[in-house]
2 protein chains.
Amino acid sequence: MSHTEAPTWSEHVHSVLARAGHQRGGARERVIELLARQPCALSAVEIEDALRAEGTPIGRASIYRVLELLVEHGLAERVAVGPGQSRFEAIDPSGAHHHHLICRECGRLVAFDDPGLERAIDNLSRRLGVRVEHHDVLLRGSCEKCE
Amino acid sequence: MSHTEAPTWSEHVHSVLARAGHQRGGARERVIELLARQPCALSAVEIEDALRAEGTPIGRASIYRVLELLVEHGLAERVAVGPGQSRFEAIDPSGAHHHHLICRECGRLVAFDDPGLERAIDNLSRRLGVRVEHHDVLLRGSCEKCE
DNA sequence: CACGTATTTGGGATTGAGTCTCGTTCTGTG
DNA sequence: CACAGAACGAGACTCAATCCCAAATACGTG
(Lines give C-alpha, C1' and ligand atoms only; values in the text may rest on other atoms or scores of the structure.)
Protein backbone atom coordinates (compact mmCIF):
# COMPACT_ATOMS: atom_id res chain seq x y z
CA MET A 1 0.00 0.00 0.00
CA SER A 2 1.68 3.18 -1.10
CA HIS A 3 0.53 6.57 0.05
CA THR A 4 -1.01 7.48 -3.29
CA GLU A 5 -4.56 6.29 -2.73
CA ALA A 6 -6.14 3.80 -0.41
CA PRO A 7 -7.71 0.94 -2.37
CA THR A 8 -11.34 1.70 -3.00
CA TRP A 9 -13.98 -0.80 -2.08
CA SER A 10 -14.60 -1.84 -5.71
CA GLU A 11 -10.91 -2.37 -6.29
CA HIS A 12 -10.78 -4.50 -3.20
CA VAL A 13 -13.79 -6.48 -4.35
CA HIS A 14 -12.28 -7.08 -7.75
CA SER A 15 -9.02 -8.32 -6.35
CA VAL A 16 -10.72 -10.66 -3.89
CA LEU A 17 -13.00 -12.10 -6.54
CA ALA A 18 -10.19 -12.44 -9.05
CA ARG A 19 -8.14 -14.31 -6.48
CA ALA A 20 -11.12 -16.58 -5.91
CA GLY A 21 -11.08 -17.46 -9.59
CA HIS A 22 -14.00 -15.44 -10.85
CA GLN A 23 -14.22 -13.92 -14.29
CA ARG A 24 -15.65 -10.49 -14.80
CA GLY A 25 -19.08 -9.89 -16.23
CA GLY A 26 -21.14 -6.84 -16.95
CA ALA A 27 -23.90 -7.53 -14.48
CA ARG A 28 -21.54 -8.02 -11.57
CA GLU A 29 -19.57 -4.90 -12.42
CA ARG A 30 -22.67 -2.76 -12.41
CA VAL A 31 -23.99 -4.05 -9.11
CA ILE A 32 -20.59 -3.54 -7.50
CA GLU A 33 -20.26 -0.03 -8.86
CA LEU A 34 -23.73 0.87 -7.69
CA LEU A 35 -23.10 -0.51 -4.22
CA ALA A 36 -19.79 1.33 -4.04
CA ARG A 37 -21.56 4.64 -4.52
CA GLN A 38 -24.16 4.12 -1.79
CA PRO A 39 -24.02 5.84 1.56
CA CYS A 40 -26.14 3.16 3.19
CA ALA A 41 -27.80 -0.20 2.72
CA LEU A 42 -29.98 -0.92 -0.33
CA SER A 43 -32.47 -3.71 -0.87
CA ALA A 44 -32.18 -6.02 -3.85
CA VAL A 45 -35.32 -4.49 -5.32
CA GLU A 46 -33.94 -0.99 -4.94
CA ILE A 47 -30.78 -2.12 -6.71
CA GLU A 48 -32.81 -3.58 -9.53
CA ASP A 49 -34.82 -0.38 -9.89
CA ALA A 50 -31.78 1.87 -9.66
CA LEU A 51 -29.95 -0.02 -12.39
CA ARG A 52 -32.99 0.01 -14.65
CA ALA A 53 -33.36 3.74 -14.04
CA GLU A 54 -29.73 4.22 -15.08
CA GLY A 55 -30.47 2.52 -18.37
CA THR A 56 -28.55 -0.66 -17.60
CA PRO A 57 -31.18 -3.13 -16.42
CA ILE A 58 -29.80 -6.27 -14.83
CA GLY A 59 -31.65 -9.54 -14.39
CA ARG A 60 -33.00 -10.18 -10.94
CA ALA A 61 -31.24 -13.50 -10.74
CA SER A 62 -27.90 -11.86 -11.40
CA ILE A 63 -28.44 -9.27 -8.71
CA TYR A 64 -29.15 -11.88 -6.08
CA ARG A 65 -26.21 -13.95 -7.29
CA VAL A 66 -23.82 -11.02 -6.99
CA LEU A 67 -25.10 -10.09 -3.56
CA GLU A 68 -24.75 -13.63 -2.32
CA LEU A 69 -21.23 -13.79 -3.70
CA LEU A 70 -20.26 -10.57 -1.97
CA VAL A 71 -21.69 -11.66 1.36
CA GLU A 72 -19.99 -15.02 1.04
CA HIS A 73 -16.61 -13.35 0.64
CA GLY A 74 -17.18 -10.90 3.44
CA LEU A 75 -17.34 -7.99 1.02
CA ALA A 76 -20.89 -6.95 1.80
CA GLU A 77 -23.25 -7.27 4.67
CA ARG A 78 -26.87 -8.33 4.74
CA VAL A 79 -28.99 -6.29 7.11
CA ALA A 80 -32.27 -7.96 8.02
CA VAL A 81 -34.49 -4.98 8.64
CA GLY A 82 -37.65 -6.93 9.19
CA PRO A 83 -39.85 -9.50 7.55
CA GLY A 84 -39.85 -9.50 3.80
CA GLN A 85 -36.68 -7.83 2.74
CA SER A 86 -32.97 -7.71 3.32
CA ARG A 87 -30.73 -4.77 2.65
CA PHE A 88 -27.15 -4.97 1.48
CA GLU A 89 -24.22 -2.75 2.07
CA ALA A 90 -20.53 -2.63 1.23
CA ILE A 91 -18.09 -3.64 3.96
CA ASP A 92 -15.09 -1.39 4.18
CA PRO A 93 -11.82 -3.30 3.58
CA SER A 94 -10.24 -1.45 6.50
CA GLY A 95 -12.40 -3.48 8.83
CA ALA A 96 -14.22 -0.43 10.13
CA HIS A 97 -17.87 -1.18 10.36
CA HIS A 98 -21.04 0.31 11.70
CA HIS A 99 -24.49 -0.65 12.87
CA HIS A 100 -27.96 0.72 12.34
CA LEU A 101 -30.84 2.42 14.03
CA ILE A 102 -34.22 2.07 12.41
CA CYS A 103 -36.52 4.94 13.22
CA ARG A 104 -39.96 3.77 14.18
CA GLU A 105 -41.49 7.04 13.00
CA CYS A 106 -39.95 7.72 9.63
CA GLY A 107 -38.44 4.32 8.82
CA ARG A 108 -35.08 5.91 8.13
CA LEU A 109 -31.98 3.77 8.57
CA VAL A 110 -29.28 5.64 10.47
CA ALA A 111 -25.73 4.32 10.62
CA PHE A 112 -23.44 4.69 13.63
CA ASP A 113 -20.41 3.08 15.15
CA ASP A 114 -19.37 2.70 18.75
CA PRO A 115 -16.10 1.39 20.16
CA GLY A 116 -17.72 0.59 23.50
CA LEU A 117 -20.18 -1.68 21.80
CA GLU A 118 -17.45 -3.47 19.89
CA ARG A 119 -15.51 -3.95 23.07
CA ALA A 120 -18.55 -5.36 24.85
CA ILE A 121 -19.15 -7.87 22.07
CA ASP A 122 -15.51 -8.80 22.14
CA ASN A 123 -15.56 -9.50 25.86
CA LEU A 124 -18.79 -11.35 25.48
CA SER A 125 -17.54 -13.73 22.82
CA ARG A 126 -14.53 -14.47 24.98
CA ARG A 127 -16.74 -15.15 27.96
CA LEU A 128 -18.99 -17.47 25.97
CA GLY A 129 -16.05 -19.29 24.51
CA VAL A 130 -17.37 -19.07 20.98
CA ARG A 131 -15.78 -17.71 17.85
CA VAL A 132 -17.93 -14.86 16.61
CA GLU A 133 -17.31 -14.20 12.95
CA HIS A 134 -19.85 -11.52 12.53
CA HIS A 135 -22.31 -9.52 14.57
CA ASP A 136 -25.34 -7.42 13.78
CA VAL A 137 -26.73 -4.85 16.11
CA LEU A 138 -30.02 -3.27 15.21
CA LEU A 139 -31.57 -0.59 17.35
CA ARG A 140 -35.20 0.43 17.02
CA GLY A 141 -36.42 3.75 18.31
CA SER A 142 -36.84 7.32 17.18
CA CYS A 143 -34.12 9.20 15.37
CA GLU A 144 -33.12 12.76 16.31
CA LYS A 145 -35.44 14.31 13.75
CA CYS A 146 -38.47 12.42 14.97
CA GLU A 147 -37.89 12.81 18.72
CA MET B 1 -32.94 -19.81 32.39
CA SER B 2 -35.21 -18.79 35.29
CA HIS B 3 -37.32 -21.13 37.37
CA THR B 4 -41.09 -21.00 37.19
CA GLU B 5 -41.85 -18.15 39.54
CA ALA B 6 -45.21 -16.81 40.64
CA PRO B 7 -46.48 -15.00 37.53
CA THR B 8 -45.92 -17.17 34.50
CA TRP B 9 -45.51 -15.64 31.10
CA SER B 10 -48.96 -16.72 29.93
CA GLU B 11 -50.59 -15.27 33.00
CA HIS B 12 -48.77 -12.05 32.38
CA VAL B 13 -49.85 -12.05 28.74
CA HIS B 14 -53.46 -12.64 29.66
CA SER B 15 -53.53 -9.84 32.17
CA VAL B 16 -51.89 -7.39 29.78
CA LEU B 17 -54.25 -8.26 26.96
CA ALA B 18 -57.29 -8.17 29.21
CA ARG B 19 -56.28 -4.74 30.44
CA ALA B 20 -55.98 -3.66 26.81
CA GLY B 21 -59.60 -4.67 26.28
CA HIS B 22 -59.14 -7.92 24.42
CA GLN B 23 -61.50 -10.83 24.67
CA ARG B 24 -60.27 -14.38 24.77
CA GLY B 25 -60.40 -16.74 21.85
CA GLY B 26 -59.35 -20.28 21.23
CA ALA B 27 -56.75 -19.51 18.59
CA ARG B 28 -54.98 -16.95 20.68
CA GLU B 29 -54.94 -19.19 23.74
CA ARG B 30 -53.30 -21.99 21.85
CA VAL B 31 -50.62 -19.85 20.30
CA ILE B 32 -49.81 -18.31 23.67
CA GLU B 33 -49.67 -21.68 25.38
CA LEU B 34 -47.43 -23.07 22.70
CA LEU B 35 -45.09 -20.11 22.87
CA ALA B 36 -44.99 -20.34 26.65
CA ARG B 37 -43.65 -23.88 26.45
CA GLN B 38 -40.82 -23.08 24.03
CA PRO B 39 -37.21 -22.83 25.09
CA CYS B 40 -36.36 -20.63 22.13
CA ALA B 41 -37.73 -18.73 19.14
CA LEU B 42 -40.16 -20.37 16.70
CA SER B 43 -41.14 -19.26 13.22
CA ALA B 44 -44.78 -18.67 12.33
CA VAL B 45 -44.69 -21.70 10.07
CA GLU B 46 -43.30 -23.88 12.85
CA ILE B 47 -46.08 -22.67 15.10
CA GLU B 48 -48.66 -23.52 12.48
CA ASP B 49 -47.19 -27.00 12.01
CA ALA B 50 -46.83 -27.64 15.72
CA LEU B 51 -50.44 -26.74 16.41
CA ARG B 52 -51.67 -28.89 13.56
CA ALA B 53 -49.55 -31.75 14.84
CA GLU B 54 -51.16 -31.37 18.26
CA GLY B 55 -54.55 -31.79 16.69
CA THR B 56 -55.63 -28.17 17.11
CA PRO B 57 -54.95 -26.55 13.74
CA ILE B 58 -55.15 -22.77 13.75
CA GLY B 59 -55.64 -20.56 10.72
CA ARG B 60 -52.54 -18.88 9.44
CA ALA B 61 -54.14 -15.46 9.65
CA SER B 62 -54.86 -15.97 13.34
CA ILE B 63 -51.30 -16.99 14.06
CA TYR B 64 -49.89 -13.87 12.47
CA ARG B 65 -52.52 -11.76 14.19
CA VAL B 66 -51.62 -13.14 17.59
CA LEU B 67 -47.90 -12.74 17.00
CA GLU B 68 -48.32 -9.16 15.88
CA LEU B 69 -50.45 -8.44 18.92
CA LEU B 70 -47.87 -9.90 21.26
CA VAL B 71 -45.02 -7.96 19.68
CA GLU B 72 -47.10 -4.79 19.77
CA HIS B 73 -47.60 -5.14 23.50
CA GLY B 74 -43.99 -6.00 24.19
CA LEU B 75 -44.91 -9.55 25.15
CA ALA B 76 -42.93 -11.27 22.43
CA GLU B 77 -39.96 -10.49 20.31
CA ARG B 78 -39.41 -10.90 16.60
CA VAL B 79 -35.98 -12.20 15.71
CA ALA B 80 -35.02 -11.65 12.07
CA VAL B 81 -32.79 -14.62 11.46
CA GLY B 82 -32.27 -14.07 7.79
CA PRO B 83 -34.12 -13.42 4.58
CA GLY B 84 -37.59 -14.81 4.43
CA GLN B 85 -38.27 -15.77 7.96
CA SER B 86 -38.82 -14.26 11.35
CA ARG B 87 -38.86 -16.13 14.59
CA PHE B 88 -40.87 -15.24 17.64
CA GLU B 89 -40.16 -15.72 21.26
CA ALA B 90 -41.78 -14.88 24.59
CA ILE B 91 -40.38 -11.91 26.48
CA ASP B 92 -39.98 -12.51 30.18
CA PRO B 93 -42.13 -10.12 32.25
CA SER B 94 -39.22 -9.51 34.61
CA GLY B 95 -37.60 -7.48 31.87
CA ALA B 96 -34.67 -9.85 31.62
CA HIS B 97 -33.92 -10.47 28.01
CA HIS B 98 -31.36 -12.22 25.95
CA HIS B 99 -29.83 -12.25 22.51
CA HIS B 100 -28.83 -14.93 20.06
CA LEU B 101 -25.91 -16.59 18.42
CA ILE B 102 -26.59 -18.40 15.17
CA CYS B 103 -24.14 -21.19 14.55
CA ARG B 104 -22.83 -21.17 11.01
CA GLU B 105 -22.17 -24.91 11.15
CA CYS B 106 -25.28 -26.42 12.65
CA GLY B 107 -27.73 -23.54 12.33
CA ARG B 108 -28.62 -23.78 15.98
CA LEU B 109 -29.87 -20.68 17.73
CA VAL B 110 -28.16 -20.22 21.10
CA ALA B 111 -29.49 -17.73 23.63
CA PHE B 112 -27.32 -15.70 25.98
CA ASP B 113 -27.42 -12.53 27.98
CA ASP B 114 -24.69 -10.10 28.93
CA PRO B 115 -24.85 -7.11 31.26
CA GLY B 116 -21.79 -5.54 29.64
CA LEU B 117 -23.52 -5.51 26.31
CA GLU B 118 -26.66 -3.95 27.75
CA ARG B 119 -24.55 -1.30 29.39
CA ALA B 120 -22.73 -0.53 26.16
CA ILE B 121 -26.01 -0.10 24.30
CA ASP B 122 -27.29 2.11 27.05
CA ASN B 123 -24.27 4.39 26.88
CA LEU B 124 -24.48 4.40 23.14
CA SER B 125 -28.08 5.51 22.97
CA ARG B 126 -27.29 8.32 25.38
CA ARG B 127 -24.33 9.37 23.28
CA LEU B 128 -26.38 9.39 20.09
CA GLY B 129 -29.18 11.31 21.74
CA VAL B 130 -31.85 8.93 20.50
CA ARG B 131 -34.47 7.02 22.36
CA VAL B 132 -33.88 3.34 21.78
CA GLU B 133 -37.01 1.33 22.43
CA HIS B 134 -35.65 -1.99 21.46
CA HIS B 135 -32.43 -3.58 20.36
CA ASP B 136 -31.49 -6.80 18.65
CA VAL B 137 -28.05 -8.28 18.75
CA LEU B 138 -27.36 -11.25 16.53
CA LEU B 139 -24.00 -12.96 16.55
CA ARG B 140 -22.92 -15.34 13.82
CA GLY B 141 -20.15 -17.82 14.37
CA SER B 142 -19.61 -21.34 15.63
CA CYS B 143 -21.20 -22.62 18.78
CA GLU B 144 -19.23 -24.58 21.39
CA LYS B 145 -20.24 -27.91 19.94
CA CYS B 146 -19.11 -27.04 16.44
CA GLU B 147 -15.82 -25.36 17.36
C1' DC C 1 -7.63 -13.78 -34.61
C1' DA C 2 -10.56 -17.79 -34.37
C1' DC C 3 -11.94 -21.54 -31.42
C1' DG C 4 -13.71 -24.12 -27.53
C1' DT C 5 -14.95 -24.45 -22.89
C1' DA C 6 -16.30 -22.80 -18.57
C1' DT C 7 -18.49 -18.97 -16.50
C1' DT C 8 -21.94 -15.49 -16.41
C1' DT C 9 -26.30 -13.71 -17.52
C1' DG C 10 -31.43 -12.96 -17.75
C1' DG C 11 -36.36 -14.12 -18.74
C1' DG C 12 -39.67 -16.35 -16.71
C1' DA C 13 -41.66 -19.91 -13.89
C1' DT C 14 -41.88 -21.17 -9.13
C1' DT C 15 -41.66 -21.03 -4.17
C1' DG C 16 -42.99 -19.64 0.21
C1' DA C 17 -43.57 -16.30 3.97
C1' DG C 18 -46.65 -12.98 5.10
C1' DT C 19 -51.03 -10.06 4.22
C1' DC C 20 -55.76 -9.18 3.19
C1' DT C 21 -60.75 -10.00 2.73
C1' DC C 22 -64.89 -11.22 4.23
C1' DG C 23 -68.36 -14.28 5.88
C1' DT C 24 -68.83 -17.19 10.07
C1' DT C 25 -68.34 -18.17 14.94
C1' DC C 26 -67.51 -16.99 19.52
C1' DT C 27 -67.39 -13.88 24.01
C1' DG C 28 -68.95 -11.13 27.31
C1' DT C 29 -72.70 -8.04 28.70
C1' DG C 30 -77.28 -6.42 29.83
C1' DC D 1 -80.87 -15.37 25.64
C1' DA D 2 -80.21 -11.73 22.51
C1' DC D 3 -77.16 -8.61 20.68
C1' DA D 4 -72.77 -6.02 19.34
C1' DG D 5 -68.43 -6.31 18.89
C1' DA D 6 -64.25 -9.25 18.87
C1' DA D 7 -61.99 -13.20 17.17
C1' DC D 8 -61.48 -16.69 13.75
C1' DG D 9 -60.36 -19.27 9.30
C1' DA D 10 -60.35 -20.43 4.33
C1' DG D 11 -58.30 -19.09 0.64
C1' DA D 12 -57.00 -15.48 -2.66
C1' DC D 13 -53.28 -12.51 -3.17
C1' DT D 14 -48.57 -9.96 -2.80
C1' DC D 15 -43.98 -9.82 -3.34
C1' DA D 16 -39.12 -10.93 -2.14
C1' DA D 17 -36.26 -14.52 -3.23
C1' DT D 18 -34.98 -18.87 -5.72
C1' DC D 19 -34.67 -21.98 -9.53
C1' DC D 20 -34.07 -23.41 -14.28
C1' DC D 21 -32.02 -23.43 -18.51
C1' DA D 22 -30.81 -21.62 -22.91
C1' DA D 23 -28.20 -17.79 -24.83
C1' DA D 24 -24.36 -14.65 -24.33
C1' DT D 25 -19.84 -13.57 -22.77
C1' DA D 26 -15.02 -13.99 -20.94
C1' DC D 27 -10.62 -15.75 -21.62
C1' DG D 28 -6.82 -19.16 -22.29
C1' DT D 29 -5.06 -21.73 -26.23
C1' DG D 30 -3.68 -22.98 -30.97
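So you know, we letter chains A, B, ... as the sequences are listed, proteins then strands, and number each from 1.
- Of all nucleotides listed (D/dT18, D/dG5, C/dT8), D/dT18 comes nearest to the side chain of A/Tyr64.
- Considering only side-chain atoms of A/Arg28, the nucleotide from D/dA7, C/dG11, C/dT8 that sits closest is C/dT8.
- With 3.5 Å as the limit, one finds a donor-acceptor pair spanning the side chains of A/His98 and A/Glu89.
- A/Gln85 comes within contact range of the sugar-phosphate backbone alone, with a heavy-atom separation under 4.0 Å but no base atom that close.
- Nearest nucleotide to the B/Ala61 side chain, out of C/dT19, C/dG11, D/dG9: D/dG9.
- Among all heavy-atom pairs drawn from B/Ser86 and B/Arg78, the shortest one is OG-NE, 3.5 Å.
- Counting distance only, with no hydrogens placed and no angle test, the side-chain atoms of B/Arg65 and the base atoms of D/dG9 include a donor-acceptor pair under 3.5 Å.
- Whole-Å rounding puts the A/Leu70 CG to C/dT8 P distance at 13 Å.
- In this structure, A/Glu77 does not pair ionically with A/Arg87, as no charged nitrogen and carboxylate oxygen lie closer than 4.0 Å.
- Across the interface with DNA chain C, nearest-nucleotide mapping of B/Glu68 and A/Gly25 shows A/Gly25 to be the residue nearer the 5′ end.
- Following chains of ILVMFWY side-chain contacts shorter than 4.5 Å, one can reach B/Leu34 starting from B/Leu70, so the two form part of one hydrophobic cluster.
- Between C/dG10, D/dA16, D/dA10, one nucleotide has an atom nearer to the side chain of A/Ala27 than all others, and that is C/dG10.
- Following rounding to the nearest Å, A/Arg60 (CZ) and C/dA13 (P) show an atom-to-atom distance of 11 Å.
- What separates CZ of B/Arg52 from C1' of D/dC8 is a distance of 16 Å, to the nearest Å.
- Atom CG of B/Leu69 is separated from atom P of D/dA7 by 8 Å (rounded to the nearest Å).
- For an aromatic pair to be called close, the ring centres must be under 6.0 Å apart, and A/His12 with A/His73 fails this.
- Between A/Arg30 and B/Gly26, the residue anchored nearer the 5' end of DNA chain C, judged by the nucleotide with its closest heavy atom, is A/Arg30.
- Put simply, CD on A/Gln23 is 13 Å from C1' on C/dG4, counting in whole angstrom units.
- In this structure, CZ of A/Arg24 is placed 18 Å from C1' of D/dA24, rounded to the nearest angstrom.
- Distance B/Ile63 CD1 to C/dG16 P: 17 Å, rounded to the nearest Å.
- Candidate nucleotides C/dG28, D/dA7, D/dG9 were compared by shortest atom distance to the side chain of B/Ser62, and D/dG9 ranks first.
- The aromatic ring centres of B/His22 and B/His14 sit 6.0 Å or more apart.
- The CG-C1' distance, from B/Leu67 to C/dT19, rounds to 13 Å in whole Å.
- The listed nucleotides are C/dG28, C/dG10, D/dA17; the one nearest the side chain of B/Pro83 is D/dA17.
- The side chain of B/Ser86 contributes an N or O atom lying less than 4.0 Å from OP1 or OP2 of C/dG18.
- Contact annotation for B/Ser43: no contact, since no heavy-atom pair falls under 4.0 Å across all strands.
- At C/dT7, none of the side-chain N or O atoms of A/His22 fall inside 4.0 Å of OP1 or OP2 (strictly under the cut-off).
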